[in-house]
Amino acid sequence: MQSSELPLLYVKDISKSFNSFQAVKKVSFELYPGEILGLLGPNGAGKTTIIHMLLGLTSPTSGEIRIFDLNPEKAKDREKILNRMNFSSTYVAMPYSLTLRESLMVFARLYGVKNSRAKIDYLIDQFELKEAADRPVRTLSSGQMTRLNLAKAFINDPEILLLDEPTASLDPDIADRTRRSLIEAKLSKKMAILYTSHNMQEMEQISDRLLFLQNGEIIARGSPGELVAKFRGESLEDVFLKVAREARK
Amino acid sequence: MKAHRISAMFLRHIYLYRHSLTRLIEIVYWPLLDLLVWGFVSLYIARLSDEGASAPKFLAIFLGALILWDILFRSQQGISVSFLEEVWARNFLNLFVSPLTINEYLISLMLVSLFKVVVAFLISALLAWVLYSFNLFIIGLYIIPFMVNLIMMGWTIGILTTGFILRFGQQAEVLAWGIAFLFQPVSAVFYPVSVLPGFLQTLAQFIPAAYVFEGMRSIIFNQIFPVDHLIKAFSLNLIYLTLVLFFFFRMFKKVREKGLLAKIGE
């Protein structure tokens, strides 16, 4: 897959410092169409900073990012990139006084979605939010809120989707269905997904490739199977615990 | 610049008002209370001065000033409080990972502000007419350049406040509620600049609103429209608005560099 297609996202030696603290150190990777790439690492490893740099929320101190072969540091390119990309995080809220449907309508307009009503109905159905559709966002359960965030992330049919712990507050059934939706989007629409999660079983199940981050650096990369073999663990969780504890020593 | 993105942000605030009875009431509540208090005060002062003969002028000065000051205040709030709505909702990040640009966002805030000003102005003017038979439009079409200048000054203060909130977070939130009143004493809203002590008179020369309120009194007392006042107010507003936009974009750039954009509202 990687060899025959050009990457949608290309990151070369990016670093990010906040004063004297170096949050990300010379990180390089690519993301290809129809691929799910997992970012793995303990808290403070630099996962969120990397995602924020890809979204243009902050600039790398050094290094290069190309998305759709465009430069997100240029305002004109950034606009084009963000039209074809989306993001969802459990830790980001939506306008709490608006109804779920209204919130999606606002984002549908922001992304210039055609036939927005039909698209919103489809997403409400897909993420099983029918019962909550006309309720104010502040009355939603955390699971419904997470699903609303995911519905928002799908509103523009993104070619690249960045997901920061998207299933963190979902019950196992809904989390499983969400993972299936993501795999389905990857297969049918060749959506490229960058994924972070602390659920190792989930990472093992969903990711084609993994990047293991520790203290801002990539310390290992490969498929879940390759990482398990490399670190002589029994499972990805086992690998995670080994590596994280080793680094803390 | 895309109209659909600006309209999306405008729609977001219309939805907000549609669901919030307290926000809707607030549009009427303060103008009504102010009009009641200041209306009766003006009637009382008129009665004390010369048996009520100059009551219409007192009413015009106080109520006109009150309604025009409300334009400045609301245009400022329309920017800074609408921005705060996003901070309170922790929705800021979702907006800035969409293709929405900071220019489009700022224009949407200005439109929201304009909408709130027009609604509040019409309500205030109607209340003044119903309660005191006071017709604000005695100032004539001059009211339009007066309003434009007050809105510009309100936007300037609103954008300045928003820049501080962007950079320093919610600890700067207090500015959104009180900063406009800092300019009130030197804006000569209810009294002429000439009653101010010397150094404040000098300061008032740099406040666009002071020229507007002096102009309003000139029309009421002398039926003279002071064009030079308007030119000065407009020139100062242009300078301040340009400077404050420069400051705002610089703050936005700084906040982005420091990675604080994702932390606003936390």
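Chain letters run A, B, ... following the sequence lines, proteins first and then strands; every chain starts at 1. Keep in mind that what you see is a predicted model, and the values were worked out from it rather than measured. Computed from heavy atoms alone, side chains included, the values below leave out hydrogens, waters and symmetry copies.
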Item to complete: May I have the step-by-step check of side-chain contact (heavy atoms from CB on, under 4.5 Å) for B/N94 and A/K152, ending in yes or no?
Response: CA-CA 9 Å; B/N94 269 331; A/K152 188 276 307 181; 3.2 Å; yes
Discussion item. Please evaluate residues B/L95 and A/F107 with respect to the criterion side-chain contact (heavy atoms from CB on, under 4.5 Å), reporting the C-alpha separation (whole Å), side-chain torsions for both, the decisive distance (0.1 Å), and the verdict.
Written reply: CA-CA 8 Å; B/L95 296 181; A/F107 283 98; 4.3 Å; yes
Among [options], single out the residue with the greatest number of heavy-atom pairs under 4.5 Å to chain B.
options	value
A/A93, A/P60, A/S88	A/A93
A/L110, A/N83, A/N19, A/L55	A/L110
A/G56, A/S103, A/S59	A/G56

Worksheet item: To the nearest 0.5 Å, what is the distance between OG1 (B/T101) and NZ (A/K76)?
Response: 9.0 Å
Discussion item. Let me confirm one number: the OG1-CD distance from A/T61 to B/E257, rounded to the nearest 0.5 Å.
Written reply: 9.5 Å
Worksheet item: Taking all non-hydrogen atoms of both residues, which atom of A/Y111 and which atom of B/P99 are closest, and how far apart?
Response: CE2-CD, 3.4 Å
Response to the item:
Heavy atoms of A/P95 and B/A89 approach each other most closely as CA-CB, 4.0 Å
Discussion item. Non-hydrogen contacts under 4.5 angstrom with chain A: give the residues of residues 10-28 of chain B involved, or none if there are none.
Written reply: B/L11, B/R12, B/Y15, B/L16, B/R18, B/H19, B/R23
Worksheet item: So which bits of residues 174-181 of chain B come within less than 4.5 Å of chain A, counting non-hydrogen atoms only?
Response: none
Discussion item. Could you check whether any side-chain heavy atom of B/F96 comes within less than 4.5 Å of a side-chain heavy atom of A/L82, counting everything from C-beta outward?
Written reply: no
Discussion item. Is the shortest side-chain heavy-atom distance between B/M1 and A/E79 below 4.5 Å?
Written reply: no
Which answer fits [X], side chain, backbone, both or neither, if we ask what part of it has an atom under 4.5 Å from a heavy atom of chain B?
X	answer
A/N156	neither
A/R78	side chain
A/F18	side chain

Could you check whether atom [atom1] of [X] has more than 12 heavy atoms from other residues, nucleotides or ligands sitting under 6.0 Å from it?
X	atom1	value
A/D171	CG	yes
B/K2	NZ	no
B/F234	CZ	no
B/R250	CZ	no

Item to complete: Give the C-alpha distance, both sets of side-chain angles, the deciding distance and a yes or no for side-chain contact (heavy atoms from CB on, under 4.5 Å) between A/T58 and B/K258.
Response: CA-CA 7 Å; A/T58 189; B/K258 286 180 173 283; over 6 Å; no
Worksheet item: So, are A/E73 and B/R256 salt-bridged, with charged N and O less than 4.0 Å apart?
Response: yes
